[in-house]
Amino acid sequence: MSGETRNDFIRQIVRDDLSSGKHDRIQTRFPPEPNGYLHLGHTRAIWADFGIAQEFNGACNLRFDDTNPAREDPEYVQAIQDDVRWLGYDWRSLRHASDYFDVYYLAAEKLILDGNAYVCDLSADQVREYRGTLTEPGRDSPFRGRSVEENLDLFRRMRAGEFADGARTLRARIDMASGNINLRDPALYRIKHVPHQNTGDAWCIYPMYDFAHALGDAIEGITHSLCTLEFEDHRPLYDWCVDKVDLAGNPQLLQPLLDRGLPLEAGKPRQIEFSRLNVNYTVMSKRKLMALVQEGLVDGWDDPRLPTLQGIRRRGYTPAALRAFVERLGLSKQNSLIDFSVLEAAVREDLDASAQRRMAVLDPLGLVLTNLPEGHGEVVAFANHPKDEAAGQRDVPFSRELWIEREDFMEQPVKGFHRLVPGGEVRLRGIGIVRCDEVVKDGDRVVELRCSLDPETRPGREGANRKVKGTIHWVSARHAVAAEVRLYDRLFKVPDPDDDSDGRTYRDHLNPESRRTVQAWLEPAAVDVAPETRLQFERLGYFVADRKDHSPQKPVFNRTVTLRDTWATRA
RNA sequence: UGGGGGAUCGUCUAACGGUAGGACAACGGACUCUGACUCCGUUUAUCUAGGUUCGAAUCCUAGUCCCCCAGCCA
């Protein structure tokens, strides 16, 4: 959908800012903290940040908000870049908040000089006491009145490493009585004698999010800084930082960056908040995803059951489907829990159009065509895609002994069953109509069906037009290739695993049947494919050759999603 | 009377004082060599109460409910 037709509240703002001349070009940024993998929830932010910039001929930066070295890791820096690219986006400029540490420091000194910040010696516990509560105002820190000289001296000594972690902070001097707790003299810098993944041992003080993020946006000339709802009441602080430092009006503060060849593009950004993306039957918080991985409840960050982008990719979802999904939801400020069926519909739509068809049997039942000679063999040409001739054809070997899906036969059929029954007829996909003459059983278990193929119903013959109620898929037993097929289902049994109001947590709601592995039989043309090849196994669903484990010698497929099944949902 | 946000079909979302529309879901039906796809149809919504207006989801007033905030996390 184009920028002309999409009209969410953020696009309206952007459009207005462009037409009013407030901006002649827009600049956004996607600012992940490199402390975990990207997940489905980030897709909306990525789509908004990169997509809106793209639509309005602007640009988007990828900026790592790496201001807390204690919990960040370069492993994530690479993975995040890979995921963003996989989703189909690219950035104008790759930045790190840590690129700006010199500027942040200069900005902090300016704040001190202007009387807008002070060094506070209160401990973390004391700060909490002084902060007040949601309904009671806080009290001024006893250090709030320090002179500019003393503040400057202390701050420089903080930087020089003279003090221990937690001994002092640099605080904004705003309003300890504000109803907005973020404005009660928030910390701007804290002491952390921790090496940084990017800057090594250069710093032992690190800026806080509110300060660093606001200035980072200002430095990069971000026009529209999009973020989620929980930052709404940080906006006054965001604006305070931008305005009090005023990088655009004090370009000398940017000198360290200009010296390194970065462009001068400081401006005044506007923060706009939208609601997070939540999807039912899953969890999206980094903390919970981390726990699932670390406790071995799933098989790593790219487990196909996880909503991580890595997991979703391995599951077989396509970037186009993900983009279509978030686009369908749009942007708003309402808290929401999206039904996973919207996601499934988006993948099915994409895969129906793009995935070639093959036949596979997941739960085999032998079927013998008794009126075919022993050793009978032929190849039958099948279209690779019912709606796309350009996808070409493939040869499918056919013989006297076949595997069919066990659930496509019922000895005592329920009403409405369209498939094979004793004495009944069904069409074998691409072959013709067969009649079930005999059911071979071992005790209660059906072990083989002996059938006859009506030669007049082979494709091309007049009888081929005869109508039968059902068509089933099959593979030639002699030619079938064994494959490992992983059948995935939702990770949680309940729609809202985050809801622990009844005392039960997401851990209690794990779906024990979220993964089932079977040995399946594939037609030969399904086997010799590259990892990440997506196929529809007819009448079963969409499957992907596993990105890591699949090879033609040892085929491994993951079920991305089943086909829509109006019969099964009725039964 | 702490501050900040939000309330439209079951779930998302549109409307910018002028026919409450779309998607997903559900339910019927048509088509079908995939019980898929496609097509057609149906059901279901403006938080409440007042007010302004020829006309209100939209504007005003008063309520109700839900979400976020008391990290030296982001």
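Per chain, numbering begins at 1; letters A, B, ... match sequence-line order. The model shown is predicted, which means the values in this text are computed figures rather than measured ones.
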Distance, nearest 0.5 Å, that separates NE2 of A:His42 from CG of A:Leu309: 9.0 Å
Proximity to the side chain of A:Thr471 - top-ranked nucleotide from B:C72, B:U34, B:A70: B:U34
Could you tell me whether A:His213 and A:Phe231 have their ring centroids closer than 6.0 angstrom? no
If we take the P atom in both B:U48 and B:A7, what is their distance in whole Å? 14 Å
Expressed as a whole number of angstroms, how long is the span from A:Asn182:CG to B:C72:P? 10 Å
Using a 4.0 Å heavy-atom cut-off across all strands, classify A:Pro459 as base, sugar-phosphate, or nothing. base
Pairing check on B:U19: which nucleotide meets the Watson-Crick or G-U wobble criteria with it, both distances under 3.5 Å? none
Sort out the partner of B:C33 for me: Watson-Crick or G-U wobble, both distances under 3.5 Å, none otherwise. none
Work out how far the P atom of B:C27 is from that of B:G63, and round it to whole angstrom. 44 Å
Using the P atom as the reference point in each nucleotide, state the distance between B:A25 and B:G55 in Å, no decimals. 41 Å
Answer with yes or no whether A:Arg564 presents, from its side chain, a donor or acceptor under 3.5 Å of a partner atom in the base of B:G35. no
For A:Arg168, which contact category applies under a 4.0 Å heavy-atom criterion: base, sugar-phosphate, or nothing? nothing
Does A:His213 lie flat on the base of B:A74, that is, centres under 5.5 Å apart and planes under 30° off? no
Tell me which nucleotide among B:C12, B:C73, B:G5 gets nearest to the side chain of A:Leu337. B:C12
Between B:C12, B:A36, B:C73, which nucleotide gets closest to the side-chain atoms of A:Leu329? B:C12
Identified pairing partner of B:A49, criterion: Watson-Crick or G-U wobble below 3.5 Å: B:U61
Is B:G71 syn or anti, taking syn as a glycosidic angle within 90° of 0? syn
With a 4.0 Å cut-off, would you call A:Glu538 and A:Arg429 a salt bridge? yes
Protein and nucleotides 65-68 of chain B: nitrogen or oxygen contacts under 3.5 angstrom:
from	atom 1	to	atom 2	distance (Å)
B:C67	O4'	A:Asn335	ND2	3.4
B:C67	O2'	A:Asn335	ND2	3.3

When you check every protein heavy atom under 4.0 Å of nucleotides 14-24 of chain B, what one-letter string (B, S, -) results, 5' to 3'? SSB------SS
Looking only at the side chain of A:Pro386 (C-beta and beyond, no hydrogens), which of the listed nucleotides B:C33, B:A70, B:U34 gets closest? B:U34
Do A:Arg159 and A:Tyr189 have side-chain N/O donor and acceptor atoms under 3.5 Å apart? no
May I ask you to say whether A:Arg419 pairs ionically with A:Glu405, meaning some side-chain N is under 4.0 Å from a carboxylate O? no
Here the gap from A:Asn151 atom CG to A:Leu170 atom CG, rounded to the nearest 0.5 Å, amounts to 7.5 Å
Between P on B:A36 and CG on A:Leu535, what's the gap in Å once rounded to a whole number? 21 Å
Selected nucleotide, minimal atom distance to A:Leu134 side chain, candidates B:C69, B:A74, B:G5: B:C69
Quick one: which of B:G3, B:U32, B:G35 gets closest to the side chain of A:Lys467? B:U32
Starting at CG of A:Asp408 and ending at P of B:A36, how long is that distance when rounded to a whole Å? 14 Å
Heavy atoms within less than 4.0 Å of RNA chain B: which residues of residues 120-132 of chain A have one? Give them sorted by number. A:Leu122, A:Ser123, A:Ala124, A:Arg128, A:Arg131
Is A:Trp567 stacked on the base of B:G35, with ring centres under 5.5 Å apart and planes under 30° apart? yes
Describe the nucleic acid contact of A:Glu538 in one word from base, sugar-phosphate, nothing, applying a heavy-atom distance below 4.0 Å. base
The test is ring-ring contact (aromatic ring centres under 6.0 Å, His included); show your working for A:Tyr130 and A:Phe143 and say whether it passes. CA-CA 12 Å; A:Tyr130 274 81; A:Phe143 305 99; 8.8 Å; no
Anything under 30° is parallel, anything over 60° is perpendicular, the rest tilted; go ahead and classify A:Tyr105 against A:Phe155. parallel
Using a heavy-atom cut-off of 4.0 Å across all strands, would you classify A:Phe417 as base, sugar-phosphate, or nothing? base
Counting only Watson-Crick or G-U wobble pairs whose two distances fall under 3.5 Å, which nucleotide matches B:G41? B:C27
Under-4.0 Å side-chain N/O to phosphate OP1/OP2 contact, A:Lys469 with B:G35: no
